[in-house]
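In what follows, chains carry the letters A, B, and so on, assigned in the order in which the sequence lines appear, proteins first and then strands, with residues in each chain numbered from 1. Bear in mind the structure is a predicted one, so any value in this text is a computation, not a measurement.
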Protein chains: 2
Amino acid sequence: MEHEDPRTRILDAAEELFYGQGIQAVGMDAVRAASGMTMRRLYQHFPSKNDLVEAYLLRRDGRWRASLAVHVSRAGGTPREQLLSVFDWLGLWFAEPGFRGCAFVNSFGELGATTPVVAAAARHHKEEFGGYLAGLAEAAGAPPATAAHLTLLAEGAITTAALHGDPTAAADAKEAARLLLDAALAG
Amino acid sequence: MEHEDPRTRILDAAEELFYGQGIQAVGMDAVRAASGMTMRRLYQHFPSKNDLVEAYLLRRDGRWRASLAVHVSRAGGTPREQLLSVFDWLGLWFAEPGFRGCAFVNSFGELGATTPVVAAAARHHKEEFGGYLAGLAEAAGAPPATAAHLTLLAEGAITTAALHGDPTAAADAKEAARLLLDAALAG
DNA sequence: CACCAGTGAGAACGATCGTTCTCACTTCAG
DNA sequence: CTGAAGTGAGAACGATCGTTCTCACTGGTG
């Protein structure tokens with residue numbers, strides 16, 4: 001993997017470090033070492049740490065949502081089953097080694113108050129996720145309020161799984177989602 | 001308020017700064033200035049920043065849960081109404097000026113990976129909160145699974161309200177909680 | 001060959017942080 | 001009064017960070 005695009009190598013190293021340890025806890029020299037770059041080349045690609053942080057968040061947002069969409073579309077079945085498969089995907093994510101919650105929630109808590117770009121990236125990520133769930137819910141014939149409820153469940157599952165280091169939050173959230181969908185589609 | 005206990009003055013200043021800006025973003029000199037102390041006196045009461053952070057989290061945990069318990073107990077009514085009043089209290093909290101999400105989730109994302117004391121405080125806070133909801137749910141005749149579902153809703157509402165700066169997440173969560181309770185108590 | 005543009009490796013710089021030290025001053029005991 | 005003990009105010013210290021600079025070297029061009 002050493003012949004990859006330098007930008008990709010830097011972002012891979014930055015993502016692992018930033019996500020795993022927090023952004024402020026990781027110095028540029030650690031990113032340089034982990035990516036096998038020199039300082040000069042690192043700063044050629046990302047003129048400041050802020051630029052690197054922004055690129056890290058943007059790339060992760062795209063990849064995270066694309067991975068979710070792939071899983072849901074492959075789940076097939078009815079729209080209702082697709083909607084519920086979101087929580088299966090969350091369960092897979094929670095069980096990944098090194099899972100440490102939502103990168104956007106974490107970076108928002110750390111830098112949201114002082115770095116507008118981080119706050120905006122976090123908001124954008126959550127809005128896109130909520131909008132995606134709303135689309136799935138509409139296809140399943142559920143009202144918008146139900147979509148909001150499922151979004152809260154997913155959000156709570158992410159935080160709970162991160163804090164407890166326990167992926168069962170995904171199954172709990174899925175069960176609650178099923179009950180809410182039943183109630184919404186029956187009424 | 002200048003004649004208050006020095007320890008309280010320091011913790012008040014530290015809490016406002018740490019919660020509002022993040023822990024790493026706030027230097028000890030800022031805490032000193034905001035509390036009207038000298039460096040010497042600040043370090044007399046808290047020998048290191050780690051000690052101050054730990055005390056900040058412990059005190060906030062106690063006050064947060066006590067405030068919730070007072071609100072719920074004053075809500076009176078049936079156990080079911082008490083359980084739902086948790087979400088009313090969340091709505092009040094979300095609307096407070098300077099609300100920026102859960103201090104424990106924020107500090108966990110920032111320091112949880114590198115500072116065990118912070119990770120433990122965050123876990124303890126969430127466990128206590130989940131246990132409290134479980135007790136209310138049991139009194140209301142709801143099964144433990146329902147308590148877990150409501151905990152996820154509350155957790156999700158906190159994160160969502162913080163990111164969007166919009167307190168309506170509490171009302172959404174309350175509505176979902178009502179539906180889940182209805183389903184659980186009917187079955 | 002001479003020359004130049006760019007690189008690798010890492011030192012250097014200025015700022016900031018957590019923490020400790022200095023020192024003039026006060027207070028009180030004898 | 002003399003001296004011991006403690007304080008306020010802030011400078012100082014050592015570490016670390018983000019960022020830039022140095023310098024010897026390489027590869028290609030005339």
Side-chain angles (χ1 to χ4, degrees), chain A residues 1-57 106-107 109-118 121, chain B residues 1-57 106-107 109-118 121:
Chain A
M1 298 294 164
E2 294 170 358
H3 305 112
E4 257 184 305
D5 174 24
R7 211 183 142 88
T8 301
R9 286 176 60 189
I10 296 170
L11 283 173
D12 286 347
E15 180 164 357
E16 178 165 345
L17 291 168
F18 287 161
Y19 178 70
Q21 308 178 27
I23 292 172
Q24 310 219 59
V26 173
M28 288 296 273
D29 195 63
V31 175
R32 177 204 58 77
S35 60
M37 295 273 152
T38 64
M39 273 301 193
R40 174 194 286 266
R41 301 234 297 153
L42 176 54
Y43 274 88
Q44 269 174 354
H45 290 282
F46 300 96
S48 76
K49 188 179 184 179
N50 247 309
D51 293 315
L52 179 57
V53 169
E54 184 175 2
Y56 149 61
L57 291 175
N106 291 350
S107 58
E110 187 176 357
L111 296 168
T114 54
T115 310
V117 148
V118 170
Chain B
M1 299 292 164
E2 292 170 0
H3 304 113
E4 254 182 308
D5 173 26
R7 211 183 141 85
T8 301
R9 286 175 62 188
I10 295 171
L11 283 173
D12 286 348
E15 180 163 357
E16 178 165 345
L17 292 168
F18 288 160
Y19 179 70
Q21 307 178 29
I23 292 171
Q24 311 219 61
V26 172
M28 288 297 272
D29 194 64
V31 175
R32 178 205 56 78
S35 59
M37 295 274 153
T38 64
M39 274 301 192
R40 173 193 287 267
R41 301 233 296 152
L42 176 54
Y43 274 88
Q44 269 174 354
H45 290 282
F46 300 96
S48 76
K49 188 180 183 180
N50 247 311
D51 293 314
L52 180 57
V53 168
E54 183 175 1
Y56 148 62
L57 291 175
N106 291 349
S107 59
E110 185 175 358
L111 296 168
T114 54
T115 310
V117 148
V118 169

Do B/Leu52 and B/Phe18 have side chains that get closer than 4.5 Å, going by heavy atoms?
yes

On the nucleotide C/dG6, are OP1 or OP2 found under 4.0 Å from the side-chain N or O atoms that A/Arg40 carries?
no

May I have the distance from B/Asp51 (atom CG) to C/dG18 (atom P), rounded to whole angstrom?
13 Å

Could you give the CE-to-C1' distance, from A/Met39 to C/dG8, as a whole number of Å?
13 Å

Please lay out, stage by stage, how B/Ile23 and B/Lys49 fare under the test side-chain contact (heavy atoms from CB on, under 4.5 Å).
CA-CA 10 Å; B/Ile23 292 171; B/Lys49 188 180 183 180; 4.2 Å; yes

A/Ile10 and A/Ser35 have their tightest heavy-atom pair at CA-CB, 3.9 Å

Kindly determine whether A/Gln44 and A/Arg40 satisfy side-chain contact (heavy atoms from CB on, under 4.5 Å), including the steps that lead there.
CA-CA 6 Å; A/Gln44 269 174 354; A/Arg40 174 194 286 266; 4.0 Å; yes

Can you tell me how far P of D/dC17 sits from OH of A/Tyr43, to the nearest Å?
12 Å

Give the rounded distance in Å between these two atoms: CG of B/Leu17 and P of C/dC17.
12 Å

Is it true that atom CD of A/Gln24 has more than 12 heavy atoms of other residues, nucleotides or ligands lying nearer than 6.0 Å?
yes

Does the side chain of A/Val53 come within less than 4.5 Å of A/Val117's, by heavy atoms?
no

What is the distance, to the nearest angstrom, from the CG atom on A/Leu42 to the C1' atom on D/dC17?
14 Å

Determine: side-chain N/O of B/Gln44 to OP1/OP2 of D/dG6, distance under 4.0 Å, yes or no.
no

Protein-nucleotide distance (B/Leu52, atom CG; C/dC17, atom P), rounded to Å:
15 Å

Per the under-4.0 Å heavy-atom filter, residues of residues 18-37 of chain A near DNA chain C come out as none

